[in-house]
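Some notes on the structure that comes next.
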Amino acid sequence: MRLDSMSLLGSWQELNAAATIPHCVDNVERTGAIANFRRLAEAGPDGPQGTFQGPWFADSDVYKTLEAIGWEVGRSGTDRWAGLLSDVADLLERVQTPDGYLNTYVQGTPGKEPFANPEYTHELYCAGHLLQAAVALHRGSGDERFLAVARRVGDLVAGSFGEDGEPVIDGHPEVETALVELYRETGVESYLRAAELQVERRGHRTLALGRFGSQYYQDHLPVREATEAIGHSVRQLYLAAGVTDLYLENGDQTLLNAMEELWDSAFGTKMYVTGGHGSRHRDESYGDPYELPPDRAYAETCASIAALQWCWRMLLATGQARYAEEMERALLNAIAASMDHTGTAFFYSNPLQLRTGHDGSSEDAPSERLPWYGCACCPPNLARLLASLHGYAATSDASGLQLHLLTAGTFSGETLSAVVETGYPWDGDVLVTVSGHGELAVRVPAWAEGATVAVTGAQVLPGPTPGEYLRVSCEDGATVRLTLPMTPRLVRADERVDAVRGCVAVVRGPIVYCVEQADLPDDLLVEQLRLDPTAGITEERAQDDITPVRLRLSGEARPHEATLYTRYDPTSLTGSPVSFTAIPYNAWANRGPGAMRVWLPLA
Ligand SMILES: [Zn+2]
């Protein structure tokens with residue numbers, strides 16, 4: 001599978017290789033995350049010099065960066081990081097204890113004992129990221145050194161926390177999916193069993209309560225009963241990905257049933273229109289159903305990445321288009337917005353509204369993307385996702401090829417290969433030329449009412465139906481041209497989303513739009529605008545890769561009141577006519593700090 005480098009997704013992969021991965025490498029060095037390993041590797045008889053640097057899970061920043069490099073080596077064949085990989089492999093081999101333990105925070109901090117405080121130390125979380133890095137490097141380049149280190153970690157986990165071992169789970173799920181991946185890579189059954197035990201042991205309130213209680217780490221109910229998305233959103237979503245991975249290997253239908261209910265809770269009552277998850281800042285958690293404030297949205301970048309990873313596994317489990325649809329929503333909106341056009345500045349939280357006068361001085365809710373964070377989970381998570389993005393675009397089996405993300409590229413299956421030419425997501429024309437014989441399945445987005453298809457050398461059976469796969473029986477050389485209607489549309493939220501009642505979001509194809517202060521005159525604030533839903537929307541094409549399609553909207557500007565609260569008088573609620581520009585939400589905050597909003601009140 002290969003994305004066209006001129007496509008939007010393909011261009012992100014090029015930017016990731018050229019800028020984001022090198023930026024992550026520089027920053028894991030600058031912040032001491034690699035030095036933590038070096039310090040232990042070079043320790044003399046008196047123990048390590050200096051102190052551990054960064055947050056206690058800093059090892060995971062290094063591992064996610066290594067994973068990104070692994071996928072990138074597999075994608076492009078680059079040897080740019082060969083020296084770094086060799087040096088870090090050396091460090092890991094030297095720091096790992098004979099029993100397989102490896103964690104620079106616990107090993108490098110006096111008084112810490114392995115797995116003594118699993119509710120907060122993130123040891124299995126970090127181990128999981130090491131396993132995933134090793135799998136990526138092994139698949140990408142055949143590297144055996146990292147895999148050997150990872151297998152010793154896997155053996156330790158499978159032994160210490162196996163059938164007869166301690167019933168330890170980690171406060172931050174992640175090792176579940178990693179153990180399943182290590183099993184897939186090595187065929188060692190004990191890793192799969194260890195993943196199973198991690199899943200089965202969660203929800204029995206064995207973790208110490210900590211600041212936010214057992215729901216925070218989904219230890220409040222066993223996974224088959226915990227069908228409301230709750231607690232820390234990244235933990236919830238990583239856990240769900242791990243449970244779904246387990247189902248994919250062991251076929252336990254009760255796990256899939258629980259995941260389908262959980263998915264309905266997360267994506268049906270707690271997701272932002274941008275594909276963001278988690279509305280609360282305090283404990284980085286999901287809120288109540290329909291608690292989706294746009295201005296105080298937390299919507300951590302890692303949560304949208306985790307949501308995509310879970311949806312991918314649900315797609316593999318069921319073949320249902322709705323999972324790919326939500327992967328696309330997250331990818332093109334929340335995830336895309338989290339990185340700037342240089343690939344070196346990032347949002348951690350992804351609000352849908354920034355107010356005039358916002359205090360952006362804290363990294364909790366900055367006005368602009370920052371080059372790095374004290375808690376730096378998101379940037380290297382983006383790097384590993386982007387480096388592996390081509391792997392999410394399509395699947396194949398004996399019957400043919402399935403296209404899930406509509407993007408230009410070349411996709412090869414067992415019986416069928418396809419070249420896709422399209423300017424999607426900016427244009428709705430998707431031309432697929434196939435070689436070989438078999439069934440081509442192309443996802444038709446749920447919003448694409450009125451989509452049409454034209455084929456040569458192929459038979460459509462039947463379609464296209466929005467929200468389903470168009471299935472085409474193809475001869476060698478067949479072409480399939482899918483045309484999606486890209487007319488902008490207005491989207492409203494369920495009445496129960498109080499925070500945006502009476503508002504609409506403007507969406508074109510899969511792309512959510514926003515209005516930014518940068519496009520308004522100084523004497524007109526974003527907060528004054530109301531949208532006229534009956535007025536037409538005009539498209540403006542721009543010679544610019546970031547906002548190639550801008551939208552011109554009409555409505556009115558309401559004056560601001562003299563006092564905060566005013567007697568209600570419906571006759572006074574009028575404004576002056578105004579037209580204004582909307583840009584893709586994923587391109588906001590690229591022109592300096594300023595107000596922005598996705599949800600627009602109606603005139
Ligand atoms: Zn994060």
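Read the numbers this way: they start at 1 and go in the same order the structure lists the ligands and their atoms. The shown structure was predicted, so the numbers you read here are calculated from the model rather than taken from an experiment.
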Verify the ring-centre separation between F57 and H122: is it less than 6.0 angstrom? yes
Please report the shortest heavy-atom distance between Y585 and A337, naming the atom on each side. CE2-CB, 3.6 Å
Q96 to R152 - nearest heavy-atom pair and separation: OE1-NE, 2.9 Å
Closest non-hydrogen contact found for E176 with G242 is CB-CA, 4.0 Å
Of all the atoms in C375, is at least one N, O or S atom closer to the Zn ion (ligand 1) than 2.8 Å? no
SG (C302) to the Zn ion (ligand 1) to SG (C377): angle, nearest 10 degrees? 110°
Of all N/O/S atoms in E300, the name of the one nearest the Zn ion (ligand 1): OE2
